[in-house]
Amino acid sequence: MPELPEVEIVRRGLSPLITGARIDNLILRRKNLRFDFPVGFAKKISGTHITGVLRRAKYLLFELSSGQIILSHLGMTGNYRFFAPVKPGHFEKHDHVIFELSGTNPPSPFLIYSDPRRFGFMDLIDNQEDCAFLKHLGPEPLSNQLSAQMLRERFATRRGPIKTVLLDQRVIAGLGNIYVCEALFRSGINPSTPAKNLAVPNDCAQSDKLEDLTRSIREVLHEALEAGGSTLKDYRQVEGQSGYFQHRFAVYGREGEPCLRPACAGQIERAIHSARSSFFCPTCQT
DNA sequence: ACACGCTCCTGAACGC
DNA sequence: TGCGTTCAGGAGCGTG
């Protein structure tokens, strides 16, 4: 389940391989993923060069020499791989999009987008500013736009559980279920806490909590990046490698197991917030 | 403005 | 062994 670190690892994997490459052809093996592909997609990008690979939130952005940008969201199970197929012309069941490239390093005719559950999607956009998918996104958590003060302002009107609010990409962009659970654990915040309760002005204790949360979000994302992301079922790096951060989850997927905080005797519990599992320690997340 | 539930999808895991 | 059910969840969308 790609969240910010996984998407960033894919970006870092793809960028040196395909920057400067020419898109000779695009093969769409079905008419849609989650949404229909853009009209004339193959025709519009064929013959262009890839001039850069960027990331915004959980979106990959392939900058083209035409000035347009391919927007790619991996959904739950999307992944790119840069292998030539075993037999030319033979692709796997869920290989939906095939970029035929020339001028890659190392040479490979195919960049393949595969996505079993098809929660991912692609679009072709003219710029980031006018793109409906991007224009309402909140700040990047690894940029200096993330601060306790910023969170306080954005939490102030939100009565819903902080777990849900942190998943809202308009509040902060790029977090998903796993890293929200982990960041809340690290900062000792119960996922059910109404977000606005942490935004009380001039409350030193709550202010400290927001500082902790800010630091925890940064920390957990940085650590995940260093570990190559988290590989549960589907996520893979571009050349097929697994990430390793899943071995360091403190709460995610650990229902019923002991809390890992030193001297805490708690047991990890699972709760549901907006139809997603939240894992937390009821003893030290208050 | 905000909260909530529904929807899309497949494969793995589980129960009988 | 096999079949049906449940679960995983990102995010747009509709409704209240």
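All chains are named by letter (A, B, ...) in the order of the sequence lines, taking the proteins before the strands, and each is independently numbered beginning at 1. All of these numbers come straight from a predicted model, not from anything done at the bench.
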Nearest whole angstrom, please: distance from the P of C:dG10 to the CG of A:Leu60. 16 Å
Roughly how far, to the nearest 0.5 Å, is the CD1 atom of A:Ile178 from the CG atom of A:Leu4? 13.0 Å
Identify the residue among A:His273, A:Glu269, A:Gln285 that makes a side chain to side chain donor-acceptor pair (under 3.5 Å) with A:Ser278. A:His273
Taking C:dG9, C:dA8, C:dG12 as options, the one with an atom nearest any side-chain atom of A:Arg270 is C:dA8
Answer yes or no for A:Arg254 and A:Phe185: cation-pi contact, defined as NZ/CZ to six-membered ring centre under 6.0 Å and angle to ring axis within 45°. no
A:Glu92 CD to B:dG11 P: how many Å, rounded? 12 Å
Round to the nearest Å and state the distance from A:Lys58 atom NZ to C:dG12 atom C1'. 13 Å
Identify whether any heavy atom of A:Tyr59 sits under 4.0 Å from a base atom; if not, whether one sits that close to sugar-phosphate; answer base, sugar-phosphate or nothing. sugar-phosphate
Check this for me, if you would: do A:Glu6 and A:Arg11 make a salt bridge, where the nitrogen-to-carboxylate-oxygen distance has to be below 4.0 angstrom? no
Given C:dG9, is OP1 or OP2 found less than 4.0 Å from the side-chain N or O atoms of A:Tyr252? yes
With sugar-phosphate taken as primed atoms, P, OP1 and OP2 and all else as base, the protein-contact string of nucleotides 3-10 of chain B at under 4.0 Å (heavy atoms; B, S, -) is S----BBB
Heavy atoms, side chains only, cut-off 4.5 Å: are A:Asn79 and A:Tyr113 in contact? no
Take the angle between the ring planes of A:Tyr179 and A:Phe249 and call it parallel below 30°, perpendicular above 60°, tilted in between. perpendicular
Axis-to-axis angle across the helix from B:dC2-C:dG16 to B:dC16-C:dG2, five pairs each end, nearest 10 degrees, ~ 50°
Here the distance between atom P of C:dG10 and atom CZ of A:Arg170, to the nearest Å, is 15 Å
Validation row, ring centre A:Phe110 to ring centre A:Phe82 under 6.0 Å: no
Any idea how A:Phe133 and A:Phe121 line up, ring-wise: parallel (<30°), tilted (30 to 60°), or perpendicular (>60°)? tilted
Please report, rounded to the nearest Å, how far the C1' atom of C:dG9 is from the CG atom of A:Leu4. 17 Å
What integer distance in Å separates A:Glu153:CD from B:dA1:P? 17 Å
When the distance from CZ of A:Phe279 to P of C:dG9 is rounded to whole Å, what number comes out? 7 Å
Can you tell me how far the CG atom of A:Asn127 sits from the CD1 atom of A:Ile69, to the nearest 0.5 Å? 6.5 Å
Could you state the CG-C1' distance from A:Asp123 to C:dG12, rounded to the nearest angstrom? 14 Å
